[in-house]
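Every chain is numbered from 1, with letters handed out A, B, ... down the list of sequences.
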Amino acid sequence: MSSSSGQPQFRYTQTPSKVLHLRNLPWECTEEELVELCKPFGKIVNTKCNVGANRNQAFVEYADLNQAISMVSYYASSSEPAQVRGKTVYIQYSNRQEIVNNKSTGDVAGNVLLVTIEGVEAGDVSIDVIHLVFSAFGFVHKIATFEKAAGFQALIQFTDAETASAARNALDGRSIPRYLLPEHVASCHLRISYSAHTDLNIKFQSHRSRDYTNPYLPVNPSAIEGTLQPTVGADGKKKEPESNVLLASIENMQYAVTVDVLHTVFSAFGTVQKIAIFEKNGGMQALIQYPDVTTAAVAKEALEGHCIYDGGYCKLHLSYSRHTDLNVKAHSDKSRDYTITDVGILSVPQSCASGWPSVVQPASVVYNSRGISDGGLSAQPVWDANQQGQGIRPGGYNQPGVPGAYSGQTYGTSAVPPYSLSGTIIPSTSAGLIQASQQMPPPPYAIQPGGARQAPSAGQPPFYF
DNA sequence: AGCACA
């Protein structure tokens, strides 16, 4: 096989290329020096330096062919040769049209991970779920998601390479827990490599990208809606934007629906953080807050139209609230804040309780101890708090972590397995969610008509109880 | 001083 596949290289007949080949460089030449030399002629999109046995060659790729031509032309007629550290550098077009560097992506540990989520479409995995999963290893600064030929991908920026590699080592090849995903997703493996990026440039908070370090970053108004649901339903009716907080209206309320009852019902799908009950238009409504949109979406889907009690009593109608963080009394007959009564729930969402590889168990979990609202596992976007003028409540479940407070903690001791009640959720409006065997017999209706308390309407923050 | 190697 000695057929000459490569054309002979004639000095003056090389075809131009965006890629330039530089030789006679000092062996210790850095990429910075290379860029310094070449950037006056155009935008450099890639480099490869210290090439060859003597490490004295390099490649530079311009964004545009004309930029490469201008550099070659310039030095072809210049009286001063191109130099690096006093050495003359010889420049010519490369015989390749682009630089392919396999080393800088995937192998070199950086603080930004490139995550390919296999087997899903972009709408299947929300950015909140990604944030939740990767926050287990440290503060996630930024996330950018996009779709490429490889599939749905995300860039996830950590503080440093150590944190990033901990996440990579733990999660590469693993799957996102099923209960964090829509039902139709069969499997969802993560393929993780290092990105060459060190700092992502996030322009907007949106369903595709987040900057958790900058609560004042503008929200892209056309892109804040969740990705799990279309914004227009099958009937052409507009759907409200998704939220981690559900608004429940309770119809045919023959029996009292207490905070405890709601907690029992809604905990089947994930950690319930807060509940508030109020009257509206003579009926009863409740707000149920989950840590993330996905959990709320799952609960909404599963519970909509079902009855808490057999016989068609206390039928639930669910929609998304515009609230993202309820401001409720920790313990009253109309509200409950479960995040401050149980530190375990506060720091470790139940959504990590099962179905998750043991490598993500708390021994490897390092929470940052900074007082930033989303330093923990909160899927609460900071920008929501900002937008609603609610400020970040230091006493809430976003309470800054006490160093070491989480170590040795075990996941899920109080966790209800996801979908554990699903057996009782039968697609029939007469099937009650709470069975007699659960020792919660229907108590008599006990809500005083025309509630004494004036409750703000569900869409209007702030919301105090 | 003359083209990268998975």
Just by distance, no angles: are the side chains of A:Gln157 and A:Asp199 close enough, under 3.5 Å, to form a donor-acceptor pair? yes
The residue, A:Gln97 or A:Asn24, whose nearest nucleotide of DNA chain B is more 5′ is A:Asn24
Where is the tightest heavy-atom contact between A:Cys188 and A:Val185, given as atom of each residue plus distance? CB-CG1, 4.1 Å
Roughly how many Å is it from CD1 in A:Ile99 to C1' in B:dA6, rounded to a whole number? 16 Å
Given B:dG2, is OP1 or OP2 found less than 4.0 Å from the side-chain N or O atoms of A:Gln57? yes
Would you kindly compare A:Gly52 and A:Lys87 by the position of their nearest DNA chain B nucleotide and give the one closer to the 5′ end? A:Lys87
For the pair made of CD in A:Gln92 and P in B:dC3, what is the distance, rounded to whole Å? 8 Å
Anything under 30° is parallel, anything over 60° is perpendicular, the rest tilted; go ahead and classify A:Phe41 against A:Tyr74. tilted
Specify the separation, in whole Å, of atom CD of A:Glu98 and atom P of B:dA4. 15 Å
Here the distance between atom P of B:dA6 and atom NZ of A:Lys48, to the nearest Å, is 10 Å
Using the six-membered base ring of B:dG2, report whether A:Tyr90 stacks on it, requiring centroids under 5.5 Å and planes under 30° apart. no
Take the protein atom CZ of A:Arg96 and the nucleotide atom C1' of B:dA4, then report the distance between them rounded to whole Å. 5 Å
Whole-Å distance between B:dA4 P and A:Tyr93 OH? 20 Å
Mutual orientation of the aromatic rings belonging to A:Tyr212 and A:His131 [parallel < 30°, tilted 30-60°, perpendicular > 60°]: parallel
Tell me: CD of A:Glu31 to P of B:dA4, nearest whole Å? 19 Å
CH2 of A:Trp27 versus P of B:dA4: gap in Å, rounded? 21 Å
